[in-house]
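Right, one structure below, let's go through it.
The analysis underlying the following values was restricted to heavy atoms, covering all of them including side chains, and did not include hydrogens, waters or symmetry mates.
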2 protein chains.
Amino acid sequence: MRILIVEDEPGIYNFLKQGLEEESYAVDIAEEGKKGLQLALSGEYDLLLLDWMVPGMSGIEICRQFRKEFKDTPVIFLTAKDTVDETIFGLQAGANDYIKKPFHFEELLERIKVQLRPKSGEHSIFKLGNITLNTTTHQVLKAEEVISLTQKEFALLEYLMRNKGIVCRRSRIIESVWDIHFEYNTGVIDVYINALRKKLKLGEDENYIQTVRGVGYVAKEI
Amino acid sequence: MRILIVEDEPGIYNFLKQGLEEESYAVDIAEEGKKGLQLALSGEYDLLLLDWMVPGMSGIEICRQFRKEFKDTPVIFLTAKDTVDETIFGLQAGANDYIKKPFHFEELLERIKVQLRPKSGEHSIFKLGNITLNTTTHQVLKAEEVISLTQKEFALLEYLMRNKGIVCRRSRIIESVWDIHFEYNTGVIDVYINALRKKLKLGEDENYIQTVRGVGYVAKEI
DNA sequence: TTTGCTCGATGAGAATTTTAATCGTAGAAG
DNA sequence: CTTCTACGATTAAAATTCTCATCGAGCAAA
């Protein structure tokens, strides 16, 4: 597995390079933005680690450009900033995950493994209209805005978005999201659908989560 | 797959026999208790459906005797009673599940399938000292007493009991029971261990859930 | 043995999740 | 077209789950 690190501080990239090579990844470094993008676009890498701020071109811009060509290669941001405003753009630019400096190497390794594991098919980012849902970071955006959801709300939305366009029966939802296998006689789903619609502010014009009377719900782009 | 039904009411057993045969199970009937046990002990069956009350010998007694010989063959009770007192004995006798009359055939079928599915290895009943935990019915007994646990309490206890004798690290517990994969910096486990010890009334003498300092917890029979 | 430090126990409060009851509306029946 | 019924929407309250702060015990170092 080949990893490209775009990062200008030798202290950090040497530390990373050594650690990752011990884990038997092949690691290349780019200290400058344009060079980084150029290398990334060569298509030889299985994963990108981008620093937020690099000379020449921002990590975000590299990510955006890279995404145009490579839809499935995971991108992880290394960032000192954890303000909401900043991470939004990272996610919008198509990043799969981000990690705040300073971080434990172990944790970064874990996240790299998570991203490389599925490789075949499994996606971590789902879109529905102007809603973006990222399963690794557990974040949801509507347009520019971060929507804060609880565990169950997130799980339900994820289920619906994974099955975009397909009508989801209540019984299946209960099985997948709530792990209940007999007895579908509960109203929880309705309550959570309600909460989602409210938090996502889905009005008449943006009715992304539609009710299918007698059956269940569908996520649809109208 | 062969199923033995021990039940004296023709109305019920004919209905069951027909339905199950349509699902391509081989079905035998015993209308009387002793005969039922004798057939069961022949070892030709993959699953037993026992009525609570049959002439000659109670379903419970059949179950108990049967369990001595066959540890892994699933037993499901058909019962009109749903009082706590009664079902306790069923579970103590080693039943894997029970269903209350009147029941929908679909539901019984579901439960039969659940019991037959794992077949290889997977158990649904776990013991730890005088504690019995049944994963299909989601019930826990301590001696004669039913212990009412919440979902999470149950899930944690199940995890510990599945790993009886093995020290469970916090990180593994968090992954399995809570499905959290990074960040182990939460105290939830402790809180739930505390709740379990309280509800199960584990004193000094019955310290079935032991703390392993710096690592996690073990379920042990002292 | 004593001291200090870390980790687990415990309890209380906040947040989430679930249940339950009521209201409104779509679709069926008349 | 009107009425009835059943299902979903919605709200409030109960139960569970989680977080946080404090306390106490175990272990190591002096």
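Summarising the geometry, the separation between CD1 on B/Ile189 and P on C/dT10 is reported as 16 Å, rounded to the nearest angstrom. Atom OH in B/Tyr192 sits about 18 Å away from atom C1' in C/dG8, given to the nearest Å. Rounded to whole Å, atom P of C/dA9 lies 10 Å from atom CG of B/Asn207. At whole-Å resolution of the value, CD1 in A/Ile173 and P in C/dT18 are 14 Å apart. Atom-to-atom, NZ of B/Lys152 to C1' of C/dT17 comes out at 10 Å; the value is rounded to the nearest Å. Between the CD1 atom of B/Ile174 and the P atom of C/dG8 there is a distance of 13 Å, rounded to whole Å. If you take CG of A/Leu149 and P of C/dA15, they are 17 Å apart, rounded to a whole angstrom. Here C/dT16 presents its P atom at 8 Å from CD of A/Glu153, a figure rounded to the nearest Å.
Ring geometry for B/Phe154 against B/His138 counts as parallel: the plane angle stays under 30°, on a 0 to 90° scale with 60° as the upper cut.
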| Would A/Tyr192 and A/Trp178 satisfy ring pair (Phe, Tyr, Trp, His ring centres under 6.0 Å), going step by step from the backbone distance to the final call? | CA-CA 12 Å; A/Tyr192 274 80; A/Trp178 275 267; 5.7 Å; yes

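For DNA chain D, the contact window with chain A, defined by any atom under 4.0 Å from a protein heavy atom, covers D/dA6 to D/dT11 in 5' to 3' order.
No side-chain N or O of B/Arg170 forms a donor-acceptor pair with one of B/Thr186 less than 3.5 Å apart.
Place A/Thr150 and B/Tyr217 on DNA chain C by their nearest nucleotides, and B/Tyr217 ends up nearer the 5' end. With the nearest nucleotide of DNA chain C identified for both B/Asp190 and B/Lys198, B/Asp190 has the one nearer the 5' end.
A/Glu145 and A/Lys142 are not joined by a salt bridge, as no carboxylate oxygen comes within less than 4.0 angstrom of a charged side-chain nitrogen. Note on B/Glu206 versus B/Lys201: no salt bridge recorded, every NZ/NE/NH1/NH2 to OD/OE distance being 4.0 Å or above.
Counting heavy-atom neighbours within 6.0 Å of B/Gln18 CD, excluding the residue itself, gives a total of 12 or less.
A close approach under 4.0 Å does not occur between any side-chain nitrogen or oxygen of B/Arg197 and OP1 or OP2 of C/dT10.
Looking at heavy-atom distances under 4.0 Å, A/Phe154 makes no contact with the nucleic acid at all.
Distance check: B/Ile29 CD1 to B/Ile12 CD1 gives 11.0 Å after rounding to the nearest 0.5 Å.
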